[in-house]
Amino acid sequence: MKHVVRTFLFIAALLMCAPVPAQVKSKKVDTPVTIYGNVKNTKGIPLHGVEVTVQDSFINTDTDENGDFVIETTIGSVLAFSLLYYNDSYQLISSDDRLQIFMEEAPRGASTRDDIMMSYGMTKKRNVTGSIASVSGDELWETKKAPVGSGLSGRVVGLTARTSSGNPGFDETSFFVRGVRTLARAGQNSVSYKSVCQPLVLVDGFERDFTNLNPDEIASLSILKDAVATAIYGHRAANGVILVTTKRAQTNKRTIDFKYNFGVITPTNCMPDFVDSATYAEWFNEARVNDGYDPIYTQQEIDTYRNHTSPLAYPDTDFQQECFNTHALQHQASLTMSGGNQTAKYFVALGYLNQGSLYNTFKGLNTDFDVPANFNRYNIRSNADVKLAKWLTFTMDVAGIIKLTDMPAVSESSMYDAFHIPANQYPLYFYGYNPDLNKERLMIGGNSVYKDNPFGYLAMAGVYTKTYRYYNTTAKFDVDLSSLTKGLSFEAVGYLDGYNYYQVSMSRTFRVWQVMEDFRGNQSYEHYGTEGTLGRGASYDWKRYYGFGGKLKYNTEWDDHALNSMAYYNFRAIQVKQNDQSDYKYQDFGVWASYSYKK
């Protein structure tokens, strides 16, 4: 009995002296945690700029130059790691332990940078034998240029972007793929016939203008240049094809991005430098002497021009400096939101662009009406994807654009002609005594030869406001027919686009005044032209585009072989509300197939 008691006491003493195991740390799901981590490639090199995102949330961050990151999340969440040319990686958060992530490089040709848009959908560059170049929407935003088409200059091989006007709202861009390739009108190969030399432009599969898009809406832009790449579009693609794809949301990734850029617009140095009045008079005399004639300007008159002692009768006007601002401002902003899951996804984009004009409208001198000179553009887009069934996906895209242009009622050709007026012809404007009104008033300079005063055009002749409204709607069903045959699918799509244009204008003619001075220094005035009353006018136009189409696709792979094929049909109609014109309608259909070996 004593032996048993001693044994029991000995075991109890051992249990009392034994260390108590520490409790295992555990945290409940949804417990907030701060995660520290590092990202490297499989060779152990830290990766800079890896996007770290908490799935199904707006929380994200990037790794620093050492590959380190810090992010706030919760237990049970999933972190997604993505970087160009690397496969995406995912990590389930079960504790607040430091993470070490290794990312594998994507196989050659498998990166998203190697994706390229074709008529039949997205594919890899290595599967394409035609001549194609592409640029991303992010690259277009970085150019800081507006409209977006002008930012393509120098970024796409074989594409020429030509802007014929610098006026805000009128700076539309013409595109030429590999030069002007179509002989237009009696064999003349000239950029002046740009309407017949333009490439076919398709935005999300339909003929639409892309130059007014917010660059942050664009996912990719591809240029199809040769016959191999453009054959499926027929003769309408003789001048090349521009394919534009707008952005869509990614599964389980929510983002809110705001971008803003500020720019200063300055005039180019394409205008010649004109001489002042004194130099002009001296050279004019010299030209007459060389031709055997007597000079018409005396030395006293030349000195008066140079010394500016009588600026009204002997003016020295720099028309360019007076009528052009040294700079104008540009503001561009974009707000995008995207998110969703396996069932539904959304992408929403809002854009704004404001451009000032280089024209000097001489604010405050016109007491009858204001003469603004600016351009505003508003963009909105919503792209939604809904998976109605395992085999059926519905997409709905809606976009709208509003353009507002306020400018003085003057043509660019009139301004250009006015800049060639010699500096000694008349002062731009001045205050003088009007005998008809029996009081002093603002007078517009001019004479019997030069009646087109640029100041009169910019500040007094009138103003107009142009409003453009565009809308684009697209509905599409994607049907996966793999249950019948693996790789078989069908796409049905319909769209309705349109625009309306409205212009309100105010205009009037103006009178110009010439100042004359006799030998005693007495000044008198002579006027030319008539000063009309302010008239108002309006004009409008609208067009509507609608159509539908379908594609039956079959894509399959086996061993080292790949086969892609498609049969398609498209119908398009254009309604024009102008002079009771009839609708334009056309349709096209065809088949296409490609085969690749050892892909």
Please determine whether side chain to side chain donor-acceptor pair (under 3.5 Å) holds for the pair Asn379 and Arg377, giving the CA-CA distance in whole Å, both sets of side-chain angles, and the decisive distance to 0.1 Å. CA-CA 7 Å; Asn379 297 72; Arg377 188 188 70 200; 3.0 Å; yes
Shortest non-hydrogen contact between [X] and [Y], atoms and distance:
| X | Y | result |
| --- | --- | --- |
| Ala475 | Met396 | CB-SD, 3.8 Å |
| Phe394 | Leu388 | CB-CD1, 3.9 Å |
| Val177 | Leu224 | CG1-O, 4.4 Å |
| Leu350 | Asn214 | O-ND2, 3.8 Å |
| Thr245 | Asp204 | CA-OD1, 3.5 Å |
| Pro215 | Val148 | CB-CG2, 4.0 Å |

Please confirm whether the backbone N or O of [Y] pairs with a side-chain atom of [X], one donor and one acceptor, at under 3.5 Å?
| X | Y | answer |
| --- | --- | --- |
| Thr509 | Thr530 | yes |
| Asp318 | Gln321 | yes |
| Asn360 | Glu322 | yes |
| Thr361 | Val371 | yes |
| Asn341 | Thr343 | yes |
| Asn366 | Ala461 | no |

So for atom [atom1], which belongs to [X], do other residues, nucleotides or ligands contribute more than 12 heavy atoms lying within a distance under 6.0 Å?
| X | atom1 | result |
| --- | --- | --- |
| Asp257 | CG | yes |
| Phe589 | CZ | no |
| Tyr433 | OH | yes |

Does a salt bridge link [X] with [Y], judged by any charged N lying under 4.0 Å from a carboxylate O?
| X | Y | answer |
| --- | --- | --- |
| Arg441 | Glu531 | yes |
| Asp397 | Arg248 | yes |
| Arg508 | Asp368 | yes |
| Lys543 | Asp497 | no |

State which residues pass ring-ring contact (aromatic ring centres under 6.0 Å, His included) with [X]; sequence neighbours excluded, sorted by chain then number.
| X | value |
| --- | --- |
| Phe571 | Phe548 |
| Tyr260 | none |
| Tyr545 | none |
| Tyr426 | Phe319 |

What I'd like to find out is whether the side chain of [X] reaches to under 4.5 Å of the side chain of [Y], using heavy atoms alone.
| X | Y | result |
| --- | --- | --- |
| Lys363 | Leu365 | no |
| Leu428 | Asn453 | yes |
| Thr336 | Thr255 | no |
| Tyr528 | Gln514 | yes |
| Val493 | Thr474 | yes |
| Asp588 | Tyr568 | yes |
| Ile242 | Leu221 | yes |
| Arg572 | Gln587 | no |

Is there a side-chain contact (heavy atoms from CB on, under 4.5 Å) between Tyr233 and Leu202 once you walk through the steps? CA-CA 11 Å; Tyr233 298 102; Leu202 302 177; 3.4 Å; yes
Determine whether the aromatic ring centres of Phe455 and Phe362 lie less than 6.0 Å apart.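 Yes, the ring of Phe455 comes within the 6.0 Å limit of the ring of Phe362, centre to centre.
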With sequence neighbours left out, write down each residue that passes side chain to side chain contact (heavy atoms under 4.5 Å, CB included) with Ala409, or none if nothing qualifies.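 Side chain to side chain contact (heavy atoms under 4.5 Å, CB included) check on Ala409 returns Tyr464.
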In chain order, what residues pass the side chain to side chain contact (heavy atoms under 4.5 Å, CB included) check against Pro422, with sequence neighbours excluded?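 For Pro422, the residues satisfying side chain to side chain contact (heavy atoms under 4.5 Å, CB included) (neighbours in sequence not counted) are Tyr280, Asn424, Gln425, Tyr450.
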Rounded distance [0.5 Å steps], [atom1] in [X] versus [atom2] in [Y]:
| X | Y | atom1 | atom2 | answer |
| --- | --- | --- | --- | --- |
| Leu442 | Thr367 | CG | OG1 | 8.5 Å |
| Glu217 | Arg381 | CD | CZ | 4.5 Å |
| Gln332 | Asn261 | CD | CG | 5.0 Å |
| Asp209 | Tyr470 | CG | OH | 7.0 Å |
| Leu329 | Ile265 | CG | CD1 | 8.0 Å |
| Tyr468 | Lys403 | OH | NZ | 6.5 Å |

Can you sort out the partners of Asp406 under salt bridge (Lys or Arg N to Asp or Glu O under 4.0 Å), two or more places apart, ordered by chain and number?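 For Asp406, no residue satisfies salt bridge (Lys or Arg N to Asp or Glu O under 4.0 Å) once neighbours in sequence are set aside.
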With sequence neighbours left out, write down each residue that passes salt bridge (Lys or Arg N to Asp or Glu O under 4.0 Å) with Lys585, or none if nothing qualifies.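 If we apply the salt bridge (Lys or Arg N to Asp or Glu O under 4.0 Å) test to Lys585, skipping adjacent residues, there are no hits.
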Would you call the rings of Phe262 and His331 parallel, tilted or perpendicular, where under 30° means parallel and over 60° means perpendicular?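 Tilted, since the angle between the ring planes falls between 30° and 60°.
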Looking only at side-chain N and O atoms, does Thr246 offer a donor or acceptor that is under 3.5 Å from a partner on Asn383?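 A donor-acceptor contact under 3.5 Å links the two side chains.
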Under a 3.5 Å cutoff, is there a donor and acceptor pairing between the side chains of Ser334 and Asp216?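 A pair is found: one side chain offers a donor N or O, the other an acceptor, under 3.5 Å apart.
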Only distances under 3.5 Å count here; give the side-chain donor-acceptor pairs of residues 500-507 to other protein atoms, sequence neighbours excluded, each with its distance to 0.1 Å.
from: Tyr501; atom 1: OH; to: Gln503; atom 2: OE1; distance (Å): 2.6

Could you name each residue pair satisfying salt bridge (charged side-chain N to carboxylate O under 4.0 Å, His left out) that touches residues 450-469, not counting sequence neighbours?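 Non-adjacent pairs meeting salt bridge (charged side-chain N to carboxylate O under 4.0 Å, His left out): zero.
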Mind jotting down which residue pairs meet the salt bridge (charged side-chain N to carboxylate O under 4.0 Å, His left out) criterion with at least one end in residues 454-464? Sequence neighbours excluded, please.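 Listed by first then second residue: nothing to list.
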Side chain to side chain donor-acceptor pair (under 3.5 Å): pairs with one or both residues in residues 345-354, sequence neighbours excluded: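 Passing the test, one end in residues 345-354: Tyr352-Asn376, Asn354-Asn376.
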Between Asn472 and Tyr495, does the side-chain contact (heavy atoms from CB on, under 4.5 Å) criterion hold? Intermediate values first, please. CA-CA 8 Å; Asn472 306 125; Tyr495 79 100; over 6 Å; no
Report the C-alpha distance between Phe175 and Leu159 in whole Å, list the side-chain angles of each, state the deciding distance to 0.1 Å, and finish with yes or no for side-chain contact (heavy atoms from CB on, under 4.5 Å). CA-CA 7 Å; Phe175 301 98; Leu159 179 69; 4.1 Å; yes
